[in-house]
Amino acid sequence: MSDPEPTAAAPAGPVGTPAGPFRAPVGVHDVIPPASARWEAVVATFADTVGRAGYGLCQSPMFEDIGVFARMGEGTDVVTKEMYEFRDRGDRHLALRPEGTASVVRAFVEHRPTTPWKVWYASPVFRYEKPQSGRYRQHHQLGVEAIGSADPDLDVEVMVLLADFYAAIGLRQTPLVVNTLGTPAQRTDYAARLSAWFGQHLGDLDPVDQAKATDHPLRVLDSKKRATRSVVAHAPSILDSLDDEALAHFDRVQAGLSAAGVEFTVDPRMVRGLDYYTHTLFEFRSPALSEAQNTIGGGGRFDGLVEALGGPATAAVGFGTGIERVLLACDAEGALEVAASKVKVFVVDVVDGHAAAAITIQLRRAGIGADRAFDGRSMKAQMKAADRSGADYAVIIGAEEAQAGTATLRPLRSTGDQTSVARADLVDAVRRRLTDA
RNA sequence: GUGGCCGUAGCUCAGUCGGUUAGAGCGCCAGGUUGUGGCCCUGGAGGUCGGGGGUUCGAUCCCCCUCGGUCACCCCA
């Protein structure tokens, strides 16, 4: 920690003092206008979609005791390899949330609300991994968790909500893949059978998968290696390890999706990286994205997690969907066009700026988006700014208007003529024109 | 963490087989039009050619390292 050798791009300066301007750390990014307008729309649409289903906001902290996340499972890479962990000044061992569910479950255990507890979140998620397109060290997830019910209808509810959300923002292609892992015992049984089976075909697996075949046999199932895939195609199915009850749960889920008009495919080889899943498991993908990161949302049941975090045995189901990937999918599909600005009126004041100040305040208080120029710029510059602002109208105050107590109202997006209105009637005149259009 | 490719203006990119003051388009600012944006014309600002070291009389160009970006693997949203 006291190594005086600076290895970064600033050998001349002290450690941690870059020579040039600061840049965002590796793998993170700024969301700024105009692109941030779509971000707002995504979050607002999500809140509306799940809010109508009775889900309330759960705003839990971005960091927790590291144990909260460690309980998600030893075989979970986001916990074992990718966690942003640190010690605070009180020597508490903490970690930035690597996913959304654990924090919500911790909050459930801490507050013990009545069930079913249905909540949603919008939160940054941190994973220390090498960034690439659609994969960041800080990304953002929208999600819901419904805690306290084992009813398969609830599995259906969350899946339909996610499908409806994607539709609401304009995505057309979001194929849904579902699978089941049964109970933890059935899952363990299946893993053992799978491991034994891979053992008999070890030589046919890709070398990188041979090591995983005994430790994490489920993980081999979604290998991208060609050799492994041809082996996996004939591997035993999870469905043969399930009892009647688990099969009935899965059947009810499929029937519910069909009844809701949500198309899906069953893939008995689909697994996900989080170890806590039981029974229903699902993924929404975007065929518009490259295969390496085409999952835009996923989730499932986690009936054992509440207990693992110190609560009573409690069934639960939920999902998370990545805002960045959803927006990439929207880009690819040309979906989600939103207005870059809420400004409807731009006030041009070439006298002294007092009228601009008064009129913008008056318009905003009347609920009308209004902006103005600063620094006493020329009329040409202010008109140019008015055009760029995206406003529909310019209100112009020059010497004549100031003298006469009027304002010139000039349309910027249509061919109509500009008109003169009394200052006292300005807000009404603007409102009338905006509602007529 | 491993590997491939790429770093020239705010953005998108030319360029130099190593040679004087590094260019274009878009964007920005100003003027043409001292009361009018979007089109047009003119001018202007803006660059440690990612950073450091090396080779050379001379490096934006060649070599090494490094940082960053990007793509793939691993894994995942």
Side-chain angles (χ1 to χ4, degrees), chain A residues 5-13 18-21 23-29 75-82 98-101 123-143 162 206-209 211-212 216 219-220 222-225 271-274 283-286 289-299 319-329 346 348-351 373 375 377-402 408-415 417-418:
Chain A
E5 290 295 321
T7 53
R23 306 166 60 160
V26 175
V28 302
H29 61 111
T76 304
D77 278 8
V78 299
V79 170
T80 55
K81 288 166 52 181
E82 300 173 358
E99 59 97 61
T101 302
S123 167
V125 175
F126 305 86
R127 294 177 193 169
Y128 193 90
E129 58 185 340
K130 194 156 179 176
Q132 66 188 75
S133 178
R135 179 175 303 173
Y136 304 95
R137 288 190 172 174
Q138 175 180 339
H139 76 279
H140 300 79
Q141 287 191 16
L142 302 164
L162 189 48
D206 186 279
V208 302
D209 290 320
K212 290 194 287 186
H216 301 293
R219 208 59 72 65
V220 178
D222 62 354
S223 169
K224 290 183 182 121
K225 305 296 180 187
V271 294
R272 311 202 74 249
L274 303 173
E283 242 177 50
F284 284 86
R285 296 171 185 161
S286 172
L289 302 182
S290 66
E291 195 190 356
Q293 57 278 322
N294 67 354
T295 302
I296 57 173
F319 66 73
T321 184
I323 296 179
E324 284 85 352
R325 284 197 189 169
V326 164
L327 287 173
L328 283 175
F346 195 96
V348 171
D349 178 347
V350 288
V351 182
D375 301 314
R377 307 236 277 145
S378 70
M379 169 163 278
K380 178 171 180 167
Q382 291 193 46
M383 285 302 296
K384 209 166 174 168
D387 187 48
R388 269 198 300 255
S389 75
D392 294 321
Y393 289 90
V395 167
I396 300 169
I397 305 293
E400 288 176 21
E401 288 87 348
T408 295
L409 193 52
R410 178 179 174 83
L412 297 172
R413 311 295 154 200
S414 63
T415 52
D417 291 331
Q418 62 188 39

Within the structure, does a side-chain N or O atom of [X] lie under 4.0 Å from either OP1 or OP2 of [N]?
X: R410(A); N: G35(B); answer: no
X: Q293(A); N: A72(B); answer: yes
X: R23(A); N: G51(B); answer: no
X: S133(A); N: U70(B); answer: no
X: R413(A); N: G37(B); answer: no
X: R285(A); N: A77(B); answer: no
X: Q382(A); N: G37(B); answer: no
X: K130(A); N: C71(B); answer: no

Side chain proximity check, [X] to [Y], heavy atoms < 4.5 angstrom:
X: R410(A); Y: M383(A); result: yes
X: R272(A); Y: D222(A); result: no
X: F284(A); Y: L162(A); result: yes
X: Q382(A); Y: I396(A); result: no

If the [atom1] atom of [N] is compared with that of [M], how far apart are they to the nearest Å?
N: U55(B); M: C65(B); atom1: C1'; value: 15 Å
N: A22(B); M: U60(B); atom1: P; value: 11 Å
N: U70(B); M: C61(B); atom1: P; value: 24 Å
N: C11(B); M: G47(B); atom1: C1'; value: 14 Å
N: G37(B); M: C29(B); atom1: P; value: 14 Å
N: A14(B); M: C57(B); atom1: C1'; value: 29 Å
N: U2(B); M: G18(B); atom1: C1'; value: 35 Å
N: G7(B); M: G51(B); atom1: P; value: 14 Å

Provide the Watson-Crick or G-U wobble partner of [N], both distances under 3.5 Å; none if there is no partner.
N: U33(B); value: none
N: U55(B); value: none
N: C75(B); value: none
N: C17(B); value: none
N: C28(B); value: G44(B)

Using the aromatic ring of H139(A) (for Trp, its six-membered ring), decide whether it stacks on the base of A77(B) within the limits of 5.5 Å and 30°.
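Aromatic stack with A77(B) present for H139(A).
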Between D387(A) and K384(A), does any side-chain N to carboxylate O distance fall below 4.0 Å?
no
Without decimals, in angstroms, what is the distance between [X] [atom1] and [N] [atom2]?
X: R388(A); N: C39(B); atom1: CZ; atom2: P; result: 11 Å
X: D349(A); N: G35(B); atom1: CG; atom2: P; result: 13 Å
X: D417(A); N: G35(B); atom1: CG; atom2: P; result: 21 Å
X: K224(A); N: C71(B); atom1: NZ; atom2: P; result: 14 Å
X: L409(A); N: U36(B); atom1: CG; atom2: P; result: 18 Å
X: E82(A); N: C75(B); atom1: CD; atom2: P; result: 10 Å
X: Q132(A); N: C5(B); atom1: CD; atom2: P; result: 17 Å
X: D222(A); N: A77(B); atom1: CG; atom2: P; result: 11 Å

If you round to the nearest 0.5 Å, how far is [atom2] of [Y] from [atom1] of [X]?
X: S133(A); Y: Q293(A); atom1: OG; atom2: CD; result: 5.0 Å
X: D392(A); Y: R413(A); atom1: CG; atom2: CZ; result: 7.0 Å
X: Q138(A); Y: Y128(A); atom1: CD; atom2: OH; result: 15.0 Å

Over all strands shown, is [X] touching base, sugar-phosphate only, or nothing at heavy-atom distances under 4.0 angstrom?
X: L274(A); value: sugar-phosphate
X: F346(A); value: nothing
X: E99(A); value: nothing
X: K384(A); value: sugar-phosphate
X: T321(A); value: nothing
X: R272(A); value: sugar-phosphate
X: G27(A); value: sugar-phosphate
X: V26(A); value: sugar-phosphate
X: A292(A); value: base

Heavy-atom nearest nucleotide on RNA chain B taken for G298(A) and for S290(A); more 5' hit belongs to S290(A)
Nearest-nucleotide 5' precedence on RNA chain B, I296(A) against E400(A)
E400(A)
Any N/O donor-acceptor pair, [X] side-chain to [N] base, under 3.5 Å:
X: Q138(A); N: A77(B); value: no
X: E401(A); N: G35(B); value: yes
X: D387(A); N: G38(B); value: no

Derivation and outcome, side-chain contact (heavy atoms from CB on, under 4.5 Å), residues R127(A) and E99(A)
CA-CA 9 Å; R127(A) 294 177 193 169; E99(A) 59 97 61; 3.8 Å; yes
Side chain of [X]: nearest nucleotide among [options]?
X: L412(A); options: G37(B), G1(B), C73(B); result: G37(B)
X: I396(A); options: G32(B), C73(B), G35(B); result: G35(B)
X: E129(A); options: U36(B), A77(B), G31(B); result: A77(B)

Just by distance, with hydrogens left out, do E401(A) and T408(A) show a side-chain donor and acceptor under 3.5 Å apart?
yes
